[in-house]
K.L.:
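I have a structure I would like to understand better, so I am pasting it below and will then ask my questions one at a time.
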Amino acid sequence: MENRETEKRRKKKLKRKYKRVIFMIFTLLLLAGGGYVAAQYSNGLSFANDDKTNDIHTELSDSSNTFSDSDSAFDDFEGGESQFGEINVLLIGDDARGDEEDTRSDALMIGHYDQTTNQVKLVSLMRDTYVEIPDHGMEKINAAYALGGPELVRKTIKHNFDVDAQYYAIVNFEGFSKMVDVIAPEGIEVDIPYEMSHGLGLTLYPGQQKLNGDQLLGYVRFRHDIHSDYGRVERQQEALSKLKDEAISFQTIVNLPKLLGVMEPYINTNIDKKTIFSIGKGMLTGGKDNKMESLRIPVEGSFGDLRTDVGQVLDINLEQNRQALREFLSLEDENEQDGEYVENLEEDQNMDYQEETEEYTSNTRNY
């Protein structure tokens, strides 16, 4: 028993040392090109504001101001504490343009990240899912964002599915296409089953091909296929899974400053730098071999179509979907775990973060 514990501690120490080595390599790359970092970040900002989208960006800038105004009007986001080293992030796709108000979320997902296994899971909640929105009654779930911002979305998911989120990220779709071009400059490979064009402003032809940012955005947003919104959800999950694989490649690490510059005008989030650091480091050092798992809510066989005063909705078996979601996120098993696990995990993470930050600072001074 003692030998097993000793071996476990040794492996843990080696793993931490390996992570620090990877982190130091990344740090040295940054230090070796301080001017490169600044130039690339500036390049990213310019790319986000290129001539082809100046008008759109002006509208999005207005939209960003609207975000700020909305944030002050909506309740503060009060996500719960991370449980068992696992993080839930609300991913909200926003297609607001300029003077539009009270826009509903065009896409609603939960991104789940396990800090111990570096496993990523993605849950898509279909827009027409009929749920009770706190203080607003029965509505389509995508109405929660317009009615009360990210906090009401969090409360709605918590109220109906007993799953909480610690963070949110609101992504404007115009920014999505630009981020794709930075993460995957050679495109994302997909197999298009049939021609897609209606409402896209471009035409995607059938067959295996690599799509650039604008094309991939059209691919994930196309609404007029034979599978209706179900097909769209599947394409969104496919695209994000492939982007995740690209995002942890060396090419993306090199382009990270540019990516941050591109993201700046298009993402509104409450994720703090320490958490971003932790997730990024984990994905880089341990997440390459983990395939992203995905789930759609409502699950198969748990819903039917229903005509209501808010339009056509998906009338779901709430208990069945609540159970499926919690099992997918492993929350049922976690309720049986000992609290000591959380304490030890947080201690390890804080130690890693402190050690690596000290090394970063030391090397910066030496440089």
Side-chain angles (χ1 to χ4, degrees), residues 79-93 104-134 136-145 150 152-169 220 227-242 244 287 290-306 308 310 312-337 341:
E81 292 295 322
S82 175
Q83 295 289 318
F84 307 102
E86 303 197 357
I87 296 171
N88 290 329
V89 182
L90 295 181
L91 303 174
I92 302 171
R104 297 188 176 206
S105 54
D106 194 64
L108 179 58
M109 302 179 179
I110 302 172
H112 178 85
Y113 178 68
D114 187 324
Q115 293 173 287
T116 58
T117 64
N118 299 304
Q119 177 68 54
V120 177
K121 297 181 180 181
L122 185 68
V123 180
S124 295
L125 295 103
M126 296 190 68
R127 300 176 303 161
D128 294 338
T129 303
Y130 197 46
V131 296
E132 182 179 7
I133 298 179
H136 294 276
M138 297 298 292
E139 261 282 8
K140 295 181 180 181
I141 196 169
N142 72 330
Y145 177 57
L152 187 56
V153 176
R154 184 194 70 81
K155 285 182 177 178
T156 300
I157 294 173
K158 174 69 174 174
H159 176 73
N160 289 277
F161 302 105
D162 195 24
V163 170
D164 207 353
Q166 291 74 47
Y167 304 101
Y168 69 86
V220 301
H227 301 296
S228 186
D229 207 34
Y230 309 106
R232 198 171 76 109
V233 166
E234 288 180 2
R235 292 194 300 274
Q236 288 173 351
Q237 292 182 340
E238 175 195 6
L240 289 179
S241 176
K242 291 179 178 179
K244 173 257 181 185
N290 290 334
K291 292 297 181 182
M292 188 176 76
E293 300 178 23
S294 61
L295 176 74
R296 187 200 71 200
I297 295 293
V299 295
E300 198 68 37
S302 70
F303 64 95
D305 293 329
L306 178 68
T308 70
V310 298
Q312 192 81 6
V313 301
L314 299 177
D315 185 30
I316 70 170
N317 181 321
L318 188 59
E319 182 55 38
Q320 184 178 346
N321 281 281
R322 180 188 295 123
Q323 185 71 17
L325 178 56
R326 289 181 59 81
E327 287 180 358
F328 178 72
L329 299 179
S330 305
L331 297 180
E332 299 299 338
D333 294 338
E334 287 170 359
N335 286 338
E336 301 174 1
Q337 294 186 33
Y341 171 83

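Every heavy atom of this structure was used, including side-chain atoms; hydrogens, water molecules and symmetry mates were not.
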K.L.:
Closest approach of R296 and F303, non-hydrogen atoms and distance?
P.N.:
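Closest pair (atom of R296, atom of F303, distance): NH2-CE2, 3.6 Å.
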K.L.:
Can you tell me which residue among I316, I133, V153, T156 is in a side chain to side chain contact (heavy atoms under 4.5 Å, CB included) with I141?
P.N.:
T156
K.L.:
Minimum heavy-atom separation for K140 and R127, please, with both atom names.
P.N.:
CB-O, 3.6 Å
K.L.:
Does the side-chain contact (heavy atoms from CB on, under 4.5 Å) test come out yes or no for V123 and H112, once each step is laid out?
P.N.:
CA-CA 8 Å; V123 180; H112 178 85; 6.0 Å; no
K.L.:
Heavy atoms only: give me the nearest A324-V299 pair and the separation to one decimal.
P.N.:
CB-CG1, 3.8 Å
K.L.:
Identify which one of L295, I297, L125 satisfies the side chain to side chain contact (heavy atoms under 4.5 Å, CB included) criterion when paired with I110.
P.N.:
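That would be L125; it is the only one of L295, I297, L125 passing the side chain to side chain contact (heavy atoms under 4.5 Å, CB included) with I110.
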K.L.:
Using only atom types and a distance under 3.5 Å, with no angle test, would you say the side chain of Q119 pairs donor to acceptor with the backbone of K291?
P.N.:
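Present.
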K.L.:
What is the minimum heavy-atom distance between K121 and S330, and which atoms define it?
P.N.:
NZ-OG, 3.5 Å
K.L.:
Which atom names give the shortest non-hydrogen contact between A239 and V220, and what distance separates them?
P.N.:
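Heavy atoms only, the tightest pair is CB-CG1, 3.5 Å.
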K.L.:
Do L152 and H136 have side-chain heavy atoms sitting under 4.5 Å apart?
P.N.:
yes
K.L.:
Would you compute the distance between atom OH of Y167 and atom CD1 of I87 and round it to the nearest 0.5 angstrom?
P.N.:
5.5 Å
K.L.:
Kindly compute the distance separating CE (M109) from OG (S294), expressed to the nearest 0.5 Å.
P.N.:
9.5 Å
K.L.:
Say you draw a straight line from OG1 of T129 to CD of E139; how long is it, rounded to the nearest 0.5 Å?
P.N.:
12.5 Å
K.L.:
For L318, is there any backbone N or O sitting under 3.5 Å from a side-chain donor or acceptor partner on N160?
P.N.:
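Here the side-chain-to-backbone pair does not exist.
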K.L.:
Can you list the steps and then say if L108 with L91 is a side-chain contact (heavy atoms from CB on, under 4.5 Å)?
P.N.:
CA-CA 6 Å; L108 179 58; L91 303 174; over 6 Å; no
K.L.:
Under a 4.5 Å cut-off applied to non-hydrogen side-chain atoms, are M126 and V233 in contact?
P.N.:
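They are in contact (side-chain heavy atoms under 4.5 Å apart), so the answer is yes.
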K.L.:
Any ion pair linking E238 and R235 (charged N to carboxylate O, less than 4.0 Å)?
P.N.:
no
K.L.:
So, does R326 use its side chain to make a donor-acceptor pair with the main chain of D162 at under 3.5 Å?
P.N.:
yes
K.L.:
Going by heavy atoms in the side chains, are T308 and M138 under 4.5 Å from each other?
P.N.:
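Result no, sub-4.5 Å side-chain heavy-atom pair not found.
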K.L.:
What I want to check is whether the side chains of Q237 and S124 have a donor and an acceptor closer together than 3.5 Å.
P.N.:
yes
K.L.:
Would you say N88 and Y113 are linked by a side-chain donor-acceptor pair, where the criterion is simply a distance under 3.5 Å?
P.N.:
no
K.L.:
Run the side-chain contact (heavy atoms from CB on, under 4.5 Å) check on D164 and R154 step by step: do they pass?
P.N.:
CA-CA 7 Å; D164 207 353; R154 184 194 70 81; 2.8 Å; yes
K.L.:
Nearest 0.5 Å please: distance from the CD1 atom of I157 over to the NZ atom of K155.
P.N.:
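Result: 13.5 Å between the selected atoms.
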K.L.:
Which heavy-atom pair separates G111 from L122 by the least distance, and what is that distance?
P.N.:
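Result for this residue pair: CA-CD1, 4.3 Å.
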K.L.:
Report the distance from atom CD of E293 to atom OG of S241, rounding to the nearest 0.5 Å.
P.N.:
10.5 Å
